[in-house]
Amino acid sequence: MQVQELHDFIVDKIDDIKAQDIVTIDVRGKSSITDFMVICTGTSNRHVASVADHVNKESKLIDFPPFGISGEKEGQWVIVDMGNVMLHIMQEDARELYQLEKLWS
C-alpha cells in the first residue's frame, strides 16, 4: 500500500468512529521511523481504545495489520504503528500536555 493510500485509509477509519481534531504531520526528514504522524483526540479512555481497535480490525481486513499497538489498557494515549504512518490517539489533557503538533512541526 502506498503511503498516501495508507494515510487516507487511517484518516477515514478514525473519522468513522468520531475521532476529533484530526491532524497530519509530515515528519519525513525529521524521523527515521515513519513518514507521517496522524494525531487525533478521543473523548474518553473507552473512546481512545475503541478508535485504536477499529483501525486495527479494519486494517486486518485489507491484509495490512499494524506492526504494534501500545497504550490500549490505559486509554490516555494509544499509538498504532502502521509503518509509514504512526497514529496517535490521545485524550484532550494528554494532547495538550505533550503538544506533539508543536514538537514535530
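As the structure is a prediction and not an experimental result, all values here were calculated from the model.
In this structure, the separation between CD1 on I79 and NE2 on H88 is 5.0 Å, given to the nearest 0.5 Å. In this structure, I10 CD1 and L87 CG are separated by 6.0 Å, a value rounded to the nearest 0.5 Å. Between the CG atom of D35 and the CD atom of Q4 there is a distance of 10.5 Å, given to the nearest 0.5 Å. With rounding to the nearest 0.5 Å, the separation of CD1 in I14 from CD1 in I89 is 7.0 Å. Atom CG in D8 sits 12.0 Å away from atom CG in D15 (nearest 0.5 Å).
Looking only at side-chain heavy atoms (C-beta outward), C40 and I22 come within less than 4.5 Å of each other. Residues V48 and Q76 fail the side-chain proximity criterion, which asks for heavy atoms closer than 4.5 Å. Between W77 and L97 the shortest side-chain heavy-atom distance does not fall below 4.5 Å. The shortest side-chain heavy-atom distance between E101 and M37 does not fall under the 4.5 Å cut-off.
Atom CD of Q2 has 12 or fewer heavy atoms from other residues, nucleotides or ligands within 6.0 Å. For E92, the CD atom sits in a loose shell: 12 or fewer heavy atoms of surrounding residues, nucleotides or ligands are nearer than 6.0 Å. Around CZ of F64, the count of heavy atoms belonging to other residues, nucleotides or ligands within 6.0 Å exceeds 12.
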One pair to check against side-chain contact (heavy atoms from CB on, under 4.5 Å): R95 and V23. What are the steps and the verdict?
CA-CA 12 Å; R95 192 164 176 181; V23 174; 3.4 Å; yes
Going through the distances and angles, do M90 and T41 end up as a side-chain contact (heavy atoms from CB on, under 4.5 Å)?
CA-CA 5 Å; M90 309 170 87; T41 302; 5.7 Å; no
Is there a side-chain contact (heavy atoms from CB on, under 4.5 Å) between T34 and V27? Walk through the geometry before answering.
CA-CA 7 Å; T34 194; V27 293; 3.7 Å; yes
Between V51 and V78, does a side-chain contact (heavy atoms from CB on, under 4.5 Å) hold up when you go through it step by step?
CA-CA 9 Å; V51 173; V78 177; over 6 Å; no
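Distance alone, capped at 3.5 Å, places no donor-acceptor pair between the E58 side chain and the V55 backbone. For H47 (side chain) and Q91 (main-chain N/O), no donor-acceptor pair under 3.5 Å exists by modelled atom type.
V85 and F67 fall into different hydrophobic clusters, where Ile, Leu, Val, Met, Phe, Trp and Tyr side chains are chained together by heavy-atom contacts under 4.5 Å. Follow the hydrophobic side-chain contacts under 4.5 Å out from I33 and you reach L100 in the same cluster. Linking Ile, Leu, Val, Met, Phe, Trp and Tyr residues whenever their side-chain heavy atoms come within less than 4.5 Å places F9 and I69 in a single cluster.
Among all heavy-atom pairs drawn from N45 and E74, the shortest one is ND2-O, 3.1 Å. Taking both residues in full, the closest heavy atoms of S31 and W104 are given as CB-CZ3, 4.0 Å, listed atom of the first, atom of the second, then distance. Here the closest heavy-atom approach between residue P66 and residue S59 is recorded as CD-OG, 3.2 Å.
For the side-chain contact (heavy atoms from CB on, under 4.5 Å) test with F36, the passing option among V3, V11, N84, L6 is V3; the others fail.
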